[in-house]
There are 2 protein chains.
Amino acid sequence: MILSRSSEYAIRAFLYLAKQEPGRLVMARQIAEDAGLPGHFLAKLLQQLARKGLVRSNKGPSGGFTLANDPRQINILSIVEAVEGIEGSTVEVPSPRTATDGWTTLHSRIVDYLEQTSLADISKTGNGSARKRKAAKNN
Amino acid sequence: MILSRSSEYAIRAFLYLAKQEPGRLVMARQIAEDAGLPGHFLAKLLQQLARKGLVRSNKGPSGGFTLANDPRQINILSIVEAVEGIEGSTVEVPSPRTATDGWTTLHSRIVDYLEQTSLADISKTGNGSARKRKAAKNN
DNA sequence: TGAATAAGGGACATTGATATCCCCTATCGA
DNA sequence: TCGATAGGGGATATCAATGTCCCTTATTCA
């Protein structure tokens, strides 16, 4: 599977939040329901993302979550890393074999793409797609 | 984690086989040892890949595995799909929500990249890298 | 032909990701 | 100030990915 389920849920939640008016607080249960995601599990993910500073949260009535930054400033990699830990994007070379092998090359290309792609890049979909270029810059 | 461990192992094994003289048979244990991969587990993966026709296998003494095609003809996606099943690359839209949402967009971009990238593309690494362009074609 | 070899394939153990639940804490509004 | 609300966080259950083992089958070679 390309990207873990946790990453998928987090990205879907971010896409949902990106559609709201900026600063509007939406509670986890609402997001889960509207986006079709497992509620309790999503709540945990959002808590993690709040600790990392990617979303802002408020407790109590009329509380909820909202994006901490403009969707154009949020790159997908930061979401994935916040959810899966950095190990997911950094390739650990176990033994001092070839320092940069083919796998590392492939992996870092994908990581670079995720880093250069913003939430806004993929949210304006449905019509003729938003942006081009971006990747194919590294290597 | 970007791509499962199984996919990583399979791709590493393919990269190893791609370095051999074409048609040369290498046994699973040898590949695992040289590439630093878990032996028994890799053997299972290679069996799967043999069934899917991506590698050819021979039993008995002087047996082993070899690539079924030229590394330039093997795209990474085919390896990933053979190991993880097609479910990994096809996004199942659970409910008839928005047919093409942002997640689907992102996911299919990565899948397209994997499909357009060959084994040869990533194996010529270590020097100045081999090819460019490729991605950024879809969307 | 038979002994050694290596893949094929099933059974099982282990680990980590995924998912749910419950109670605590902070906050809002009456 | 009190009750309701919503996130914070720990404990636990479930399930799939990962990893190991063992026996079978096919093949080679002496």
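In the text below, chain A, chain B and the rest are named by the order of the sequence lines, each starting its count at 1. Just so you know, these numbers use all the heavy atoms, side chains as well, and skip hydrogens, waters and symmetry mates.
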For this session: Please report, rounded to the nearest Å, how far the C1' atom of D/dA26 is from the CG atom of B/N58.
Result: 10 Å

Exercise. Within the pair B/R51 and C/dG9, is there a side-chain N or O less than 4.0 Å away from OP1 or OP2?
Worked result: yes

Exercise. Would a distance-only check, ignoring hydrogens and angles, find a side-chain to backbone donor-acceptor pair under 3.5 Å from A/T117 to A/L114?
Worked result: no

Exercise. C/dT18 phosphate, OP1 or OP2: any side-chain N/O from A/S6 under 4.0 angstrom?
Worked result: yes

Seminar exercise, completed: The residue, B/Y9 or B/G60, whose nearest nucleotide of DNA chain D is more 5′ is B/Y9

Problem set entry | Interatomic distance where CG belongs to B/L25 and P belongs to D/dA26 [whole Å] | 18 Å

Problem set entry | Short N-O contact, A/R29 and A/E33, less than 4.0 angstrom | no

For this session: Could you check how far CZ of A/R24 sits from P of D/dA6, rounded to whole Å?
Result: 13 Å

Seminar exercise, completed: Picking from D/dG7, D/dG10, C/dA6, the nucleotide nearest the side-chain atoms of A/M27 would be D/dG7

Problem set entry | B/F41 CZ - C/dG10 P separation (whole Å) | 16 Å

Exercise. Could you give the NZ-to-P distance, from B/K59 to C/dA4, as a whole number of Å?
Worked result: 19 Å

Exercise. Between A/K44 and B/V26, who's closer to the 5' end of DNA chain C by nearest nucleotide?
Worked result: B/V26

Exercise. Which part of the nucleic acid does B/A28 contact within heavy-atom distance under 4.0 Å: base, sugar-phosphate only, or nothing?
Worked result: sugar-phosphate

Problem set entry | Whole-Å distance separating the CD atom of B/Q48 from the P atom of C/dG9 | 11 Å

Problem set entry | Interatomic distance where CG belongs to A/L3 and P belongs to C/dA17 [whole Å] | 14 Å

For this session: Looking only at side-chain atoms of A/S62, point me to the closest of D/dT20, D/dG8, C/dC28.
Result: C/dC28

Exercise. Is the backbone of B/Y16 close enough, under 3.5 Å, to the side chain of B/Q20 for a donor and an acceptor to pair up by distance?
Worked result: yes

Problem set entry | Minimum-distance nucleotide (side-chain atoms of B/P61 versus D/dT20, D/dT28, D/dG19) | D/dT28

For this session: Say whether, by atom type as modelled, one donor and one acceptor occur between the side chain of B/S118 and the main chain of B/Q73 under 3.5 angstrom.
Result: no

For this session: Round to the nearest Å and state the distance from B/R5 atom CZ to C/dT14 atom C1'.
Result: 14 Å

Exercise. With the threshold set at 4.0 Å, does a side-chain nitrogen-carboxylate oxygen contact exist between B/R72 and B/D121?
Worked result: no

Exercise. Out of C/dG8, C/dT18, C/dT20, which has the shortest distance to the side chain of A/H40?
Worked result: C/dT20

Exercise. Within the structure shown, what part of the strands sits under 4.0 Å from B/G64 by heavy-atom distance: base, sugar-phosphate, or nothing?
Worked result: sugar-phosphate

